[in-house]
**Student:** 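Following this message is one structure expressed as structure tokens.
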Amino acid sequence: MRTLTLPLKAEYFNAIKDGSKIEEFRERTEYWEKRLEGREYDRVVLTLGYPKADDHRRRIDVPWRGYRKITITHPHFGNIPTDVYAIRVSEIVPE
């Protein structure tokens, strides 16, 4: 099974868990290009930090639903427009 694992900070992990965040963002760098473009995964595992393998409370396992390329302005990226991969982590499909 091909798995994409994304470690998250608590605020983003909790927002995905409660359904208020439907995409996880990764800056469009060569690092993420190699891991996303032209690749398919079976699932995405979102982790709260780097938990032990048996700590299921700090993991969210969702089916792979792909990503889209967008530009966002967000404090995490210094409040300047930044090109990102928006990885879908919810059944809700953004417009």
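The shown structure was predicted, so the numbers you read here are calculated from the model rather than taken from an experiment. Side chains are part of it too, since the values below use all heavy atoms of this structure and drop only hydrogens, waters and symmetry mates.
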**Student:** If Ile, Leu, Val, Met, Phe, Trp and Tyr residues are connected whenever their side-chain heavy atoms lie under 4.5 Å apart, and connections chain through other members, are Leu8 and Val62 in the same group?
**Tutor:** yes
**Student:** How about Tyr85 and Glu37: does a side-chain donor come under 3.5 Å of a side-chain acceptor?
**Tutor:** yes
**Student:** Do Glu24 and Arg88 have side chains that approach each other closer than 4.5 Å (heavy atoms only, starting at C-beta)?
**Tutor:** no
**Student:** Report the distance from atom CG of Leu48 to atom OH of Tyr12, rounding to the nearest 0.5 Å.
**Tutor:** 13.5 Å
**Student:** According to a 4.5 Å side-chain heavy-atom criterion applied to Ile, Leu, Val, Met, Phe, Trp and Tyr, with indirect links allowed, do Trp32 and Val89 form part of one hydrophobic cluster?
**Tutor:**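 The answer is yes; both residues are in one hydrophobic cluster.
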**Student:** Determine, step by step, whether Tyr67 and Glu23 satisfy the side-chain hydrogen bond (donor to acceptor under 3.5 Å, both in side chains) criterion, reporting the C-alpha distance in whole Å, the side-chain angles of both residues, the deciding distance to 0.1 Å, and the verdict.
**Tutor:** CA-CA 8 Å; Tyr67 65 89; Glu23 293 176 308; over 6 Å; no
**Student:** Taking all non-hydrogen atoms of both residues into account, name the closest pair between Arg28 and Val84 and its distance.
**Tutor:**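 What the structure gives for the nearest pair is NE-O, 3.4 Å.
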**Student:** Applying a strict under-4.5 Å side-chain criterion to I, L, V, M, F, W and Y, I'd like to know whether Tyr31 and Tyr50 cluster together.
**Tutor:** no
**Student:** Distance from Phe25 atom CZ to Asp83 atom CG, nearest 0.5 Å?
**Tutor:**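 Rounded to the nearest 0.5 Å, the CZ-CG separation comes to 12.5 Å.
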**Student:** Are a donor atom and an acceptor atom from the side chains of Trp64 and Glu40 found within less than 3.5 Å of each other?
**Tutor:** yes
**Student:** Testing the basics here: between Arg26 and Leu6, what is the closest heavy-atom pair and its distance to 0.1 Å?
**Tutor:**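 Closest pair (atom of Arg26, atom of Leu6, distance): NH2-CB, 3.6 Å.
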**Student:** Given 3.5 Å as the limit, does a donor-acceptor pair link the side chain of Thr71 with the main chain of Pro81, or not?
**Tutor:**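 Judged by distance alone, no pair lies under 3.5 Å.
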**Student:** So, taking the atom named CG in Leu46 and the one named CD1 in Ile16, what distance separates them when rounded to the nearest 0.5 Å?
**Tutor:** 5.0 Å
**Student:** In this structure, would Phe13 and Leu4 fall into the same cluster of hydrophobic residues linked by side-chain contacts under 4.5 Å?
**Tutor:**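 In one cluster: yes.
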**Student:** Under 3.5 Å, is there a donor-acceptor pair between the side chain of Lys9 and the main chain of Glu11?
**Tutor:** no
**Student:** Determine whether a donor-acceptor pair (N or O, by modelled atom type, separation under 3.5 Å) exists between the side chain of Thr47 and the backbone of Gly49.
**Tutor:** yes
**Student:** With a 4.0 Å cut-off, would you call Glu30 and Arg35 a salt bridge?
**Tutor:** no
**Student:** Can you check whether Pro51's main-chain N or O pairs, donor with acceptor, with Asp55's side chain at less than 3.5 Å?
**Tutor:** no
**Student:** Please report the interatomic distance CZ(Phe77) to CD(Glu27), rounded to the nearest 0.5 Å.
**Tutor:**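 Reported to 0.5 Å precision, the distance equals 6.0 Å.
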**Student:** Return the OG to NZ distance between Ser90 and Lys21, rounded to the nearest 0.5 Å.
**Tutor:**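 If we round to the nearest 0.5 Å, Ser90:OG and Lys21:NZ are 11.0 Å apart.
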**Student:** Check for a donor-acceptor pair, side chain of Asp61 on one end and backbone N or O of Val45 on the other, with a separation under 3.5 Å.
**Tutor:** no
**Student:** Taking atom CZ of Arg59 and atom NZ of Lys17, what is their separation to the nearest 0.5 Å?
**Tutor:** 12.5 Å
**Student:** Keeping the roles fixed (side chain from Thr82, backbone from Ile80), state whether a donor-acceptor pair exists under 3.5 Å.
**Tutor:**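 Such a contact is found between Thr82 side chain and Ile80 backbone.
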